[in-house]
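For ligands, and for the atoms within them, numbers begin at 1 and follow the listed sequence.
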Amino acid sequence: MYIFFMMPVYDQSNDKQNILHIRDKIKLCQKMKSEIILEGIETQSTSVLNKVYTELYIVTCDSTSINKEHEVWQAETAHLKDFSEASVIKCQDIFKPAEDETIRCVVTKGIAGIGKTVAAQKLNLDWADGKENQDLDFLFLLSFRKLNLIKGWYSLHGLLQIFYPELKDINFKKMFDEHKVLFILDGLDESQLSLEFDEIENGLISDVSASASLDILLTNLITGRLLPGALLWITSRPVAANQIPRELCHRVTEIRGFNDAQKDEYFRKHIRDPEIASRIISDIKATRSLYIMCHVPVFCWMAVTVLQDILSKDNKSGPKPRSLPTTLSEMYIHYVMIQTRISFQKHRPMMSIKDIILKLGELAYQNLESQNVLFTEQDLTNCGISVMEAATCPGLCTELVELSHGMYHTKVYCFVHLSVQEFFAALYAFHEFENGRTDSVKALIKKRKGGTLLDFLKGALDSALDIKNGHLDLFTRFLFGISHDSSRALLQDILGNTTSGSECNKKLIGYIKMLKRKDLSPERCINLIHCLLQLKDHTILQNDNNQVSPSDTPPTPFQCSLLAYMFIMSEKPEEFDFRNNKTSEEAFRRLAPALLSCTRALLNFCDITALQCETVASVLQAENSHLTVLDLGHNNLGDEGVIRLCCGLRNPNCKVETLNLRHNHVGVGGVKAVCEVLTCPTSKLLNLDLSCNDLGDPGAELLAFALRTRCKLQALRLSGCLITLPEDVSSVLALRSESFQMKELDLSYNPLRYVELDFPRQLNLDHRGESRNNPGLQKYASEVTLDPSTVNVFLSLSEGNRKVTRQKKKQDYPFTEERFDECNQVLCKEGLCGRHYLEVECLHDVHIGMAYKELERNGAGNNVTLGQNAVSWTLYASKDKFYAQHKKIIHNLRLPEIKSNESYRTGVFLDWPAGILSFYNISSESDKLTHLYAFHTTFTEPLYLGLRLQSPTTTISLIVK
Ligand SMILES: Nc1ncnc2c1ncn2[C@@H]1O[C@H](COP(=O)(O)OP(=O)(O)OP(=O)(O)O)[C@@H](O)[C@H]1O
C-alpha cells in the first residue's frame, strides 16, 4: 500500500497530451529564435533567415573517407567539383536513407564560415515552422560553444532543461521512448570536452536520468549507448571531424558552400539596390581569386560589407578609387576597419580605434589560447576594455542572449564570427612581435632562435602544424597575410610604419615549399597552400614556358596539392603543363582539381602508370570536366592503362577532342579499348595519335574496322607502328563513303608493303621501308659521324670518326671556320630533321646534346658552350650529377643507377617535327630504356649531335646498330 501511494500516478493520455503540448511550445519558441540570423553588418544587424538564406551545396561522402585527404581537398576546391545530382543532398534530407540502411548519426564537415551553423539553424527553423522533417517529434540544437560553459555533472534530462526550459514538466522517459528525437551538436571543432571514445568503458551510461560529466554524457549519446533510437547530427570543421570514430558515422556529408549561381543569388539577396548588386558581382568576377573565395558564405558576407563601402567611396568624387582586396586577410582588414570607422562615427568612444582593436586582439588571442569562443565582462575588463567600449563595435563582437535557465549570472559575448576572433588574435600577435614582445605570444607561437620576423612566422607555422585538430590553422593564415606589405599598408594606423617584409616573405615561401615533414597530413597541406596564397605567392607556375619545373626529386603530394591549387587560382587556368614530372600515384591524384579545371592537359614524359590513368579517367567522367586536349604521350600506359583511360573517354561527360597516346607501349588490347571509344556514339574524339606504339597489322586492322563502323575521327596518326598494311586493311582505310570524315592519315615510319593506298585526303607515307620494322625507338636508329672540321684541338677522333677522346696534348688540326677553337666540343656531320634515335657510350663528365649549325665556335663563352644558349640543348652526365640544360637553365635529374667507373649508354631521341628531344639511360643488362628528360620546343633548323668532354680522361663513342 505504502509503495502504491509513493509511486506517481500517471494518467497515460495526459502524459501524451502534455508531451505534444510541450513540443508545440518548443516549436513556437525555436521558430522565434531561429527566424533571425545575426549578420554583423554596420550596426548590430539582424536579418530574417528565410530572406537571406541561400541554398548551400551539401554532398554526401564515402563515410570511410572521413580521414582521407582528398575529401578535405574537395572542401577547399569546392567550386570545381562535380556537383552531379548523385552526391548532392539537401540539408533536410540528410537522414533519409539511400537504401535500406538506418542512419542514426550524420557528421557534416565544412571549412570555417562555410555555413554549418546557418544550415543547422535553418533545419531547426524549418522543423519548428512545420515545413520540413515533421516526422521528428523533437529537435534539440546544442552548440558546443554553449556546452563548453556548462560545468559539473548533469543527467541528459538536466542538461536539456538548461537550453529548453519548456521540458521541465515532461515525462522524459516517455518522451524518448515514444518519440522520434534529433540532436544537433553544432561546432565540434569548438568543443573543449574530451570525448574519449576509446575509453568509454570507464563511464557507460544508458539512463537519461543518470548524471555524469558532460564529456561522458555526450560520448555516450554519440556512441548510441544512451538513447540508441535518437538521431544525431554533428557539424564540425574538417580536421576536428576526425574525432568521431568512423564506425559511428552512418553518413558523412560535406558543405561545399556556394556555386557560381548561388554566389550571385547571395549578393542579390543581400544588396537591396539591384544596380549596386550587379556592379559588385561584376567587380568580384573581375578578380578571379576573389570570386573563387566567395564560395565561402562568410567571405561573401564580408565582401558585401567591404565592397559596398569601397564602391560608395569610388562614386564620390574623392581621390583615386581603392583597390579591391585580393586575399582573405585583406578582406578581413577592410572589414574590421570599416566596422570600427562606422562605430566611431556613431558612438565616439573614449579610446582610440587603435586601442580598441588591440585590446580586442589581446582578448581574442587569450581566447584562442584557451580554446574559448565566449568571454565575459570580466574578461573584457582584464584586457583593459569596458563592455561599453566593446559594444561600440557591434560588427566585431556581439552579446549572446543569456540562457534562460539562469546558468550564467553574467552576460556572455563573442566575436561576430569565430574567424573574426582568429583574425584579431593574429593581428595582436603580429603587433606584439613588431614591438619586441614575442614572449607574450609564445604560448601559440614557438620561439625560435634568431628573433627575426622570419623566425617568428616559422615558429607560428611549426606550432600550427604540431596541433592535430587544426586549431591554429586560420590564425596562421591571417598572421602570414598580415605580414604581407599590402596588409601592413592597410593597417598602418594600427601597426605604425613597419619595415618591408618582402624579403622575409620570399624566404618564408621557400621554407613552406620545401617543408618535408613526414607526418604532414593533407589538411596541413591545404593550410600551407592558403598560407602561400596569403603571401601572394603565385610563382610556382611562373617559370620558363609557364611549365612546372621538374627537379631531381619527384613532386611530393603536398607539392602537387600546392601546384593544383595555384593553378586553379591563376587568372586563366587553361593549359596545365606537367611535362617531365614523375610522381607517385598519391601525388598524382592530388592534381585532379587542376586537371578538372583546364582545357589542355600536357602530361607527357610523366611515367604515368595504369593506376594513375584512373585519376585521369575519373576527371574525364566528371560533369564539369573541361578537358578537350589530353596529351599523354611518352608514358608507360600499356594496354592496362589505356583500358582504364578509355572508361573515362567513353563517358558521355568526356569532352576530349584531341588525344595523344604516342609511345605508350600500347598493343592490341589497348587498341581494342580505343576502338570502343571510337565507335561510342557520344565520343567527341576528332584527333587521335597512336604513333610509336608497336600495334602492328592486327592493331591497324581493328582500327580500320572501327572506323568503318563509325568514323567521326578527322585525323589518325599511326606513324611508326610496325604496320605493313595488308591489302584488306588498306581497302578499309580507303573508304570514301559520305560518312567518312577523316581528313588526315599518318602512316609514316612504317614498314609498309602495299603503298598504293587510295586515300582521298592528306596521307603521309614518308620514311617507310624495311628498317622501320624494328621495335620501339630502334625503328628510328640513325647513323651519324663526328665532323673532323668541328673538333676541338684537345679532342681526337677515331673508329671512323665515331669515337672522341679528350687529349692532354694539343692536336695538330688545320684551321677551319667550323672548328671549336677553345671549347672541348665536336659536332656531327649530319644535320637531322625527322625522327632519329642515336645511342652513345661514354665515361663521366660529358655533355651530350643537339645544336643548330649557327652555334658559335670561337672562344668558350655561353654562345659556344652546349646548353648555355638558345641554339643548343644538352644532357650533362657525371658520377654524381645529371642535368638537362638549355639557355643556361638547369633541370636537375635523378641519378640513374650507374656503376661509377664503367662506361654507360645514353639514348637520344629526336622527333624534330614534334619538337621533342629526349634522353634515356640504357640499362647495360637488359637494354631497357629509362627516360631521363625531354625538351619540348619548335625546332626551326636541322640539328647536329654535339658532344662536349669536360673531364681530361673521358671518351664518347657513337654506337652503330
Ligand atoms: N546559407 C547561407 N545563406 C546566407 N548566408 C550564409 C549561409 N551560410 C552562411 N552564411 C553566412 O556566413 C556566415 C558564417 O556561417 P556559419 O557561421 O554557419 O559558418 P560555419 O561553417 O559554422 O563556420 P565556423 O566553422 O567558423 O563556425 C554566417 O554568419 C552568414 O552570414
Considering distance alone, does some N or O of [X] sit under 3.5 Å from an N or O of ligand 1?
X: Asp189; value: no
X: His270; value: no
X: Leu418; value: no
X: Ile114; value: yes

Is it the case that the side chains of Thr253 and Thr108 hold a donor-acceptor pair, with the cut-off being a distance below 3.5 Å and no angle test? yes
Would you check if there is a donor-acceptor pair between the side chains of Ser487 and Glu330 at a distance under 3.5 Å? no
Atoms in ligand 1 flagged as close to Val118, the criterion being non-hydrogen separation under 4.0 Å: 2 (C), 7 (C), 8 (N), 9 (C), 10 (N), 15 (O), 18 (O), 28 (C)
Numbered in order shown, the ligand 1 atoms found under 4.0 Å of a heavy atom of Leu56 are 1 (N)
Please check if the distance between the ring centroids of [X] and [Y] is under 6.0 Å.
X: Phe95; Y: Trp233; value: no
X: Tyr57; Y: Phe258; value: no
X: His270; Y: Tyr266; value: yes

Is [X] touching ligand 1 with its side chain, its backbone, both, or neither, if touching means heavy atoms under 4.0 Å apart?
X: Val52; result: backbone
X: Arg237; result: side chain
X: His417; result: side chain

Check: of Phe258, Tyr57, Tyr266, Tyr53, min heavy-atom distance to atom 5 (N) of ligand 1 comes from Tyr266
Run the side chain to side chain donor-acceptor pair (under 3.5 Å) check on Asp379 and Thr376 step by step: do they pass? CA-CA 5 Å; Asp379 297 325; Thr376 60; 3.1 Å; yes
Mutual orientation of the aromatic rings belonging to Tyr365 and Tyr428 [parallel < 30°, tilted 30-60°, perpendicular > 60°]: tilted
Taking the inter-plane angle between the rings of Phe478 and Phe423 on a 0 to 90° scale, is it parallel (under 30°), tilted (30 to 60°) or perpendicular (over 60°)? perpendicular
Measure the distances from the heavy atoms of Gly110 to every atom of ligand 1 and state whether one is below 4.0 angstrom. no
